[in-house]
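Numbered from 1 within each chain, the chains take letters A, B, ... in sequence-line order. As a basis for the values below, the full set of heavy atoms in this structure was taken, side chains included, without hydrogen atoms, waters or symmetry mates.
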There are 2 protein chains.
Amino acid sequence: MPRAARRPTIVDVAQKAGVSKSTVSLVLQQSPLVRAETRTQVREAMADLGYVYNRAAANLRSANAGLIGLVINDLRNPFFAQFAISLQMALSARGYAAVIANTDEDPNLQAQVVEAMIEHGVSAVILSSAYGGDDGVFEALNRAAIPTMQVLRKMAGQITGFPFASPDYREGGRLATTHLLDQGAKKIAFVGGLEGRSVTEERLSGYLSVLDARAMEPLILTGRSSRGFGREMARKLEDDYPDVDGVLCFNDQVALGLLSGCAEIGRRVGTDFKVVGFDDVEEAAEAWPALTSVHCDIAGFGSSTAETVLDWLENGMVPKTETRTPVTLIVRDSSAGTN
Amino acid sequence: MPRAARRPTIVDVAQKAGVSKSTVSLVLQQSPLVRAETRTQVREAMADLGYVYNRAAANLRSANAGLIGLVINDLRNPFFAQFAISLQMALSARGYAAVIANTDEDPNLQAQVVEAMIEHGVSAVILSSAYGGDDGVFEALNRAAIPTMQVLRKMAGQITGFPFASPDYREGGRLATTHLLDQGAKKIAFVGGLEGRSVTEERLSGYLSVLDARAMEPLILTGRSSRGFGREMARKLEDDYPDVDGVLCFNDQVALGLLSGCAEIGRRVGTDFKVVGFDDVEEAAEAWPALTSVHCDIAGFGSSTAETVLDWLENGMVPKTETRTPVTLIVRDSSAGTN
DNA sequence: AAATTCTATTAGATCGTTCCAAAACGAGTC
DNA sequence: GACTCGTTTTGGAACGATCTAATAGAATTT
């Protein structure tokens, strides 16, 4: 009986093309050493046999597995999802595959998936870390000598000097607050976000710096960063803080929740009560009223992160310790409604 | 000078534990052949040396790489994203890692990423295919003898008999339409979705079967499946089809767009004009008014898909040719507003 | 005491690549 | 004809695990 057809190997290709396996290997690596004529012969043999490269074997001998690990604290959040997707696609375009894992903000799960990635021989890891937990993950990555890039969130205990990159949240907070003032807001609140986390603190610090400069009193209503929280705050603001006429939300989830909360209680947004979000998720433009938001170009950030990491791997270009990418404010009806 | 510390291998572990490398290998594979005492010795040696398993090496010899490929046509869509995430986490829980790729509905990109996954030696592929393109992807997977599961979307030209699974869209269409009738709707429209695609056709067919049974005239307004399309349709329905008092939307994106469109033109939703969505994305519950939607339990579907595939791999349990998982209707204010 | 069974361990081949050092080749130079 | 030289090509040793068949030792049966 016919045994299952074995996958062809470079030896089979070599035989068919009438060269040695070493030559085939050189062709695979696009080495300039091979004569053009030989190269095409080998390529034809590959096509004829339906040869597929076996990366596991290659990886055993050489370092580069062509696999990049991507660890994200909350992939359900469209902001992170968008980042992950554009990063993955950029990697793909340069011939790398991405192992992606969601940690759901759980440091133990994070330790586990990073361990798995190291086992799989990823060439680099891009990490938007869960808060909490020890530095075990960083130590493991360090021990395995795996280039690691921290993104979006800066960890407090970060002992190892892994490079970090994120959009310039602080500047975003400044832009948004300044805009609200320019639109005539007299009392501006900051709503949402979990206290003590780098992202919240940075956005908040931009907000505070602007108010400080004008000697205005801040109003900080941190808590969660969900749509539901935003919705709750709509009522709370109307009831407890009627003088607030401008709101900078921690992110678009909160802002969108706030918008629907306002719709619910019949409060008009855009003129007497202005709302600005953060992240500019796709939905912001389509909300009603359309949401003004700090655009972080997270898709661009994702692909540039991919480039940075691959340049590190392939060309030894070590990234800067800290990179902040520029943000812009997209003004829409929620803060500049037609009067 | 001290050369970079080489990663310890099973040989190092064996030496330290005073056994042969074969024994260490058996321990790694949790073989019951090893004496308990020996096992703990080996485990200790591993811990001492900081040994990490090298899957590339293992994969070279044995088949199972512990890697599963996940190919999704549109990861930006929260429905698919949710699916991918829960699938990945279920895989993770069973010790597998996921290589995830977004194809952006591009058949060529899809062919490319599947090729890359085969190179990486994935043990199985889960595919929500892009429409269009030839069957090359299926042929490649077939040739490489990689167990492949099609999900969520059924391809027309599917030559190879790969198993398929999705929520029971047709039943969902029936449930939603019946509910609208029960709520007193007299004229029900189906809005959104791209014609000719399996998902649209199935949802539509559930809708049509219910109307047919009562000899009612359908009104089908297919087009796109975006929020923007839903918003456009709010105006169109009011202007051109004023008698329509119930709408079944292709998905929640369309429904949510329709809701904001209605908010914009000041049309009340929930009593005289009832709207039902499809997919029950997280946001549906938090929209205003809260959106009635067909709940597909996509998270549950993701993890059960993971289980199915791993049972196939590990225990040889070949999945059924076609599986449809049950759906339920979640009734909220958009179709049952308090009068 | 020899033969049999069972348990626990092991040596050595093997997987499909890459890498190194060496070799083959042709062309030009002495 | 022997030599250097640059360009191509090649054999064979890695890489780090798994797998098969063999083996040593203890327990049981004959």
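If you take CD1 on B:Ile146 and CE on B:Met117, they are separated by 10.0 Å, rounding to the nearest 0.5 Å.
Annotation: side chain to side chain contact (heavy atoms under 4.5 Å, CB included) contacts of A:Arg143 (sequence neighbours excluded): A:Ala140.
Checked by atom type and distance alone, the side chain of B:Thr38 never pairs as donor or acceptor with a backbone atom of B:Val34 at under 3.5 Å.
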With B for base contact, S for sugar-phosphate-only contact and - for none (protein heavy atoms under 4.0 Å), nucleotides 9-19 of chain D reads BBBBBBBBSBB
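Under 4.0 Å is where a charged nitrogen must lie from a carboxylate oxygen, and between A:Arg94 and A:Glu314 at least one such pair does.
No side-chain N or O of B:Thr40 forms a donor-acceptor pair with one of B:Glu44 less than 3.5 Å apart.
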